[in-house]
Amino acid sequence: MNLRAELEQRVSAALQASGVDAPAQVAPAARPEFGDYQANGIMGAAKRAGMKPRALAEAVVSAAQLDDLASKVEIAGPGFINIHLRPDYLASMLSSEQPLVEPTSTPDRVVIDYSSVNLAKEMHVGHLRSTIIGDALALLLEALGHEVIRQNHVGDWGTQFGMLLAFLEEKGEDSEQLADLEKFYVAAKKRFDQDADFADRARSKVVLLQGGDPDSKRLWQRFIAVSIAHCNEIYQRLGVTLRDEHIMPESAYNADLSVVIEELRQQGLLSEDQGAQCVFLDAFKGRDDKPLPVIVQKSDGGYLYATTDLAALRYRVQKLGANRILVVVGAEQSLHFQQVFAVGRAAGYADDETRLEHITFGNMLGPDGKKFSTRAGGVMKLSDLLDEAEQRATGLVAEKNPDMDAAECREVARVVGLGALKYADLSKNRTSNYVFDWDQMLSFEGNTAPYLQYAYTRIRSLLRRGGIDPDKLQGQPVLTEPAEVALALRLARLQEVLEQAAADAMPSHLCTYLYELASAYMSFYEQCPVLSADAKVRDSRLLLCRRTMQTLKQGLDVLGIETIERM
RNA sequence: GCGCCCGUAGCUCAACCGGAUAGAGCAUCGGCCUUCUAAGCCGAGGGUUGAAGGUUCGAGUCCUUCCGGGCGUGCCA
C-alpha cells in the first residue's frame, strides 16, 4: 500500500469536509518529534480561503478519519498536522499476507529509449549512464505493473559507416581487426584523414549503401553484426536486460523519413529556408530573437537526426501504442528533444495525453572534475571499466576474506564490483554531472552498493545460523522497541517510494530509500538480538528480518544489482 | 550575444508541486567485539545554501540582477 497516498487522500477529504478544496500535501515528517508524516497543505489552503490556519487545522483534525492508522494527530507550529502512526498498523502492513509491491491499477505502455549506442564504435564510458539508468527505469516500471517496451535506438547509418566500409573492404571482411572495434575505428579514421583517395571512396560508399547497393549492404550488415555482438557482451556483463529484439536501428526508419516530411508538409508546418526544409515554431527563438528552425531535410535532400527522431516518435505512438515515452539521452541534447517533442505534438504524432520525457543526465567526471578519461587522456572503453571494477573489488574481497576460496571470491567480487559501479551512478541525482571515484563507490561505507549488499548478507547469514527457512515464517511482527518501529516504518514505505521514483523517473529516490532501510536494519541488528530472544519476540523479529531481506532484494533487483549469500 | 542546466560542510552527495532547527557519508575526534559477519553500531565538532535584492505567514527551492562553471545555439549525431 502507498502509505503517503492513503494519508494524502484522507487528509484531503477532511479538508474538503472542512469546506476547503486543497491538497493536504502529506510528506514524511521532517523530524522524529513531528511524528511519521506531516500535512503541509493547511497553511496555504487557509490563506486562499481567508481562514485562520490553526482554526482550519483543528477542523481538519476533527474531520479526519485516521483512528485505524494513527495513534496521535496533532497540530503544530503555524498549522502543520503531525501524524504519528500506530505501531500495530505498521505491523499489519508487514504481515506475511501483504505483498511487497502492488501493481498499478492504471498501467501505462511505456517506451524507453536507452543505451542507443553508435555501432560505428565500441561502447565507452559515455554509454554507461544511459544504459544503466534506462535499464533501471525499465525494471522499475515493470515492477509496478506497467508495460515496458525497450527500444535500443542504435546508430547504424550515416557518413561514418562509409569510412568503415571502405576500410573493411580494404582489410578484407573477415579482418581480425574487427575484434577491437575501437582500434578499427581509429585506424579507419586515420586513413580517412590522411588519404584523399580513401576519403573519396568512403564518401561514395555511403552513397552506394544508401542507394541499396547489394555488396555495400552485405558488408555493412557484416559490420553491424560484429558491433552488436560487442554490445551484447557488455550488456550481459552489466546484467542489462537489452536483447536483440529491442534493437530498433536508425536505418529501420529510412522508409518513413520521406513520409514524415510529407505529413509535415500536409499539416502546413514546413517552410523552405535557404534550401532546407524547416519547421518554425514560436517557442524556439535563436539569435536576435529570430525564429529558430528545426531542420528536417537538408538542402541536398538528406535527412537529419531530427527527422529520424520524429519518425521514431511517430512509430512509438502509432505502432507501439505508447502513452509514455522516455528517452534516456544526455543533457546536451536537451534543445533537440524539446524541438522534436514540440514538432511531434504539432504534427499530431503525440496528443496531450501522451507523455514525452527526455530523461536527461549529466556527465561522468574524473577525480579532477574534468570529463572522465583514461590516464592517457582518451575515451575509456566500457569493457576496460568493467574489468577494473571487478579487479579492484577482487582485491578488497580477498583482503576481507582471506579464507574464502578463489571461485567464491571471484563471484563475490564480480557482484560487488559491478553493483558498486552501477549504484554509484544510479544513486546520484541523474540530472547533474557526477564525480567518478573508485575509492568512494567501493569503500563499503556510506550510501554504496556494498553496504546494501552487506546488509542483505547479514540477514542471510542470520537465517542460516538459526536454521530458519524464511518461506515458512507466518504472521505479523509485534513492534515494541524503537529500532523495530523505525525499521518497520521504512519497510512500509517501499510502495510509495517505488511509485515516486517511477513518476519522476528518478532511480536515485529508490537508492536513498534503500540506504535508509539498510541503515535502519543495521541499528535494529545492533540493538535487538534475534536468535537469542524469547520465542514470541524472536518470531516477530524474524519476520522483520525476512521483510527487510525481501525489500532489499526487490529494490536491488529493480536497480539491476545482484545480491550474494555471503561477503 | 541568446537559451538551458548547475553552484549546499574540507570532499562526495541529499533535501518529494515553497514548510518547522538545511540532512547523510567520507575525512577529523571520542566510545562499542566472551552475544546473530566490526565491510558494522553509537556519539562529537563542522553551514551567511556563490553574492545582492524581491515575492510571503514561511525561500536551498519562486522572481530580478550579478559572479563562477558546464552544455547548447538553421543544414553532424
Side-chain angles (χ1 to χ4, degrees), chain A residues 4 23 25 27-31 33-34 38 40-41 43-44 46-47 53 76-80 82 118 155 157-160 250 273-278 280 284-300 302 304-306 308-309 330-336 338 360 362-363 365 369 371 396-397 399-401 416 424 427-429 431-435 437 439-440 443-448 450-451 453-455 457-466 496-497 500 503-504 506 508-509 512 515-516 519 522-523 525-527 529-533 541 545 566-567:
Chain A
R4 172 154 70 134
Q25 295 184 23
R31 309 167 61 83
E33 60 266 34
F34 299 156
Q38 59 185 62
N40 297 328
M43 284 88 72
K47 174 105 177 159
F80 296 100
N82 293 335
N118 179 351
W157 206 244
T159 48
Q160 48 198 340
E250 287 178 346
D273 194 82
Q274 297 171 35
Q277 297 301 318
C278 306
F280 289 94
F284 300 102
K285 303 281 189 187
R287 294 185 177 86
D288 305 326
D289 231 24
K290 280 182 191 157
L292 187 67
V294 180
I295 301 180
V296 290
Q297 189 172 23
K298 296 193 282 188
S299 49
D300 68 3
L304 296 106
Y305 79 136
T308 311
D309 279 340
E332 311 85 61
Q333 296 195 37
S334 174
L335 176 61
H336 167 72
Q338 278 179 44
T360 65
N363 295 317
L365 307 178
K371 208 158 182 176
L396 289 165
V397 172
E399 183 188 320
K400 296 283 181 191
N401 304 282
V416 169
S427 61
K428 272 115 194 152
N429 182 328
T431 57
S432 46
N433 294 342
Y434 83 97
V435 176
D437 181 347
D439 293 334
Q440 190 277 330
S443 77
F444 303 89
E445 286 166 353
N447 188 9
T448 65
Y451 181 81
Q453 290 167 324
Y454 176 60
T457 63
R458 266 187 142 178
I459 302 173
R460 299 300 299 176
S461 170
L462 185 150
L463 295 174
R464 263 199 312 276
R465 174 73 68 114
E496 72 184 55
V497 170
Q500 187 70 49
D504 299 344
M506 292 286 255
S508 56
H509 292 337
T512 302
Y515 176 59
E516 287 172 356
S519 194
M522 294 291 197
S523 296
Y525 183 91
E526 297 286 335
Q527 290 164 43
V530 178
L531 297 176
S532 60
R541 289 180 179 170
C545 287
R566 71 188 95 230
M567 60 189 275

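Letters A, B, ... are given to chains in the order of the sequence lines, protein chains preceding strands, and every chain is numbered from 1. Just so we're clear, the structure is a prediction, and the values are computed from it rather than from any experiment.
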query: With a 4.5 Å heavy-atom cut-off, do Pro78(A) and Phe80(A) have their side chains touching?
result: yes
query: Contact class for Met43(A) vs. all strands (heavy atom < 4.0 Å): base, sugar-phosphate, or nothing?
result: base
task: Find the distance Glu526(A):CD to C41(B):C1' and express it as a whole number of Å.
output: 4 Å
message: Using atom C1' in both nucleotides, what's the gap between G31(B) and G45(B) to the nearest angstrom?
response: 15 Å
Sugar-phosphate, base or nothing in reach of Tyr525(A), heavy atoms under 4.0 Å: base
query: Is there a side-chain polar atom (N or O) of Ser461(A) under 4.0 Å from OP1 or OP2 of U37(B)?
result: yes
message: Using side-chain heavy atoms (C-beta onward) and a distance below 4.5 Å, is Ser461(A) in contact with Arg464(A)?
response: yes
- prompt: Looking across every strand, which nucleic acid part, if any, lies under 4.0 Å from Thr457(A) by heavy atom: base, sugar-phosphate, or nothing?
  reply: base
query: Name the stems that RNA chain B belongs to, where each is three or more consecutive Watson-Crick or G-U pairs with both distances under 3.5 Å?
result: B:1-7 with B:67-73, B:10-13 with B:23-26, B:28-32 with B:40-44, B:50-54 with B:62-66
task: Check every atom of C75(B), C42(B), A20(B) against the side chain of Ala30(A) and return the nucleotide holding the closest atom.
output: A20(B)
message: Within the 4.0 Å heavy-atom criterion, would you say Gly466(A) contacts the bases, only the backbone, or no part of the nucleic acid?
response: nothing
query: How long is the span from the CD atom in Glu496(A) to the NE2 atom in His509(A), to the nearest 0.5 Å?
result: 12.0 Å
query: Atom CZ of Arg458(A) and atom P of C33(B): how far apart are they, to the nearest Å?
result: 15 Å
- prompt: Out of curiosity, Leu304(A) CG to Ile295(A) CD1, how far, rounded to the nearest 0.5 Å?
  reply: 6.5 Å
message: C42(B), OP1 or OP2 - any side-chain N/O from Ser523(A) closer than 4.0 Å?
response: yes
- request: Output, in order, the C-alpha distance, side-chain angles, deciding distance and verdict of side chain to side chain contact (heavy atoms under 4.5 Å, CB included) for Tyr451(A) and Glu445(A).
  value: CA-CA 6 Å; Tyr451(A) 181 81; Glu445(A) 286 166 353; over 6 Å; no
query: Got Gln453(A) and Met567(A) here, is their nearest side-chain heavy-atom distance under 4.5 Å?
result: yes
- prompt: Met522(A) versus Arg458(A): any side-chain heavy-atom pair under 4.5 Å?
  reply: yes
- prompt: Looking at Tyr451(A), does any N or O in its side chain come under 4.0 Å of the phosphate oxygens OP1/OP2 on C41(B)?
  reply: yes
- prompt: Are side-chain heavy atoms of Asp273(A) and Phe280(A) found at a separation under 4.5 Å?
  reply: yes
- request: State, with a plain yes or no, whether a side-chain heavy atom of Tyr515(A) is found less than 4.5 Å away from one of Thr448(A).
  value: no
message: Tell me whether Phe80(A) and G19(B) count as stacked here, given that the ring centres must be under 5.5 Å apart and the planes must differ by less than 30 degrees.
response: no
query: When we call it a touch if two heavy atoms are under 4.0 Å apart, what does Glu516(A) touch: a base, just sugar-phosphate, or nothing?
result: nothing
- line: When rounded to whole Å, the CG to C1' distance for the pair Asp439(A) and A27(B) reads 13 Å
message: From C-beta outward on Leu292(A), which listed nucleotide comes closest to its side chain: A39(B), A20(B), U73(B)?
response: U73(B)
- request: Between Gly302(A) and Lys371(A), just flag the one whose closest nucleotide in RNA chain B comes earlier from the 5' side.
  value: Lys371(A)
message: I want to confirm an ordering. Mapping Ser519(A) and Gln338(A) to their closest nucleotides on RNA chain B, which one lands closer to the 5' end?
response: Gln338(A)
Would you tabulate the nitrogen or oxygen pairs shorter than 3.5 Å linking the protein to nucleotides 12-18 of chain B?
unit_1 : atom_1 : unit_2    : atom_2 : d
C13(B) : OP1    : Val435(A) : N      : 2.7
A14(B) : OP1    : Asn429(A) : N      : 2.5
C16(B) : O2     : Arg4(A)   : NH1    : 3.1
C16(B) : O2     : Arg4(A)   : NH2    : 2.7
C17(B) : N4     : Gln25(A)  : NE2    : 3.4

statement: Atom CZ of Arg31(A) and atom C1' of G19(B) are separated, to the nearest Å, by 13 Å
query: Whole Å only: how far is the CG atom of Leu463(A) from the C1' atom of U37(B)?
result: 13 Å
message: Considering every strand and a 4.0 Å limit on heavy-atom distances, what is the contact class for Ala331(A): base, sugar-phosphate, or nothing?
response: nothing
- prompt: So, is C32(B) syn or anti if syn means the angle is within 90° of 0?
  reply: anti
- prompt: Looking across every strand, which nucleic acid part, if any, lies under 4.0 Å from Pro450(A) by heavy atom: base, sugar-phosphate, or nothing?
  reply: nothing
Worked check of side chain to side chain contact (heavy atoms under 4.5 Å, CB included) between Gln277(A) and Lys298(A): CA-CA 7 Å; Gln277(A) 297 301 318; Lys298(A) 296 193 282 188; over 6 Å; no
statement: Looking only at C42(B), A20(B), A39(B), the nucleotide nearest the Asn82(A) side chain is A20(B)
- request: Give Ala455(A) one of three labels, base, sugar-phosphate or nothing, depending on what nucleic acid heavy atoms sit under 4.0 Å from its own.
  value: nothing
message: Any base atoms under 4.0 Å from Ser299(A), or only sugar-phosphate, or nothing? Heavy atoms, all strands.
response: base
- prompt: Would a 4.5 Å heavy-atom cut-off, applied to side chains only, mark Leu531(A) and Arg465(A) as touching?
  reply: yes
task: Would you classify Asp309(A) as touching base, sugar-phosphate or nothing, given that sugar-phosphate means primed atoms plus P, OP1 and OP2, and contacts are heavy atoms under 4.0 Å?
output: nothing
message: What's the separation between atom CG in Asp309(A) and atom CD in Gln333(A), rounded to the nearest 0.5 Å?
response: 7.5 Å
message: Taking atom types as they are modelled, would you say the side chain of Arg465(A) forms a donor-acceptor pair with the base of U37(B) within the 3.5 Å cutoff?
response: no
field: Euclidean distance for C1', C62(B) against A24(B) (whole angstrom)
entry: 27 Å
- request: Quick one: label Leu462(A) by what it contacts on the DNA or RNA (base, sugar-phosphate, nothing), any heavy atom closer than 4.0 Å.
  value: base
query: Within this structure, what is the CG-to-P distance between Leu365(A) and G7(B), rounded to whole angstrom?
result: 14 Å
field: Quiz item: Gln38(A) side-chain donor-acceptor pair to A20(B) base, under 3.5 Å
entry: yes
- request: Measure the distance from CD on Glu250(A) to P on A77(B) and round it to the nearest whole Å.
  value: 8 Å
message: Of the options G19(B), C76(B), C36(B), whose atoms approach the side-chain atoms of Pro529(A) most closely?
response: C36(B)
- request: Rounded to the nearest angstrom, tell me the gap between atom CZ in Phe34(A) and atom P in G23(B).
  value: 10 Å
field: Distance-only donor-acceptor test (3.5 Å): side chain Tyr305(A), base A77(B)
entry: yes
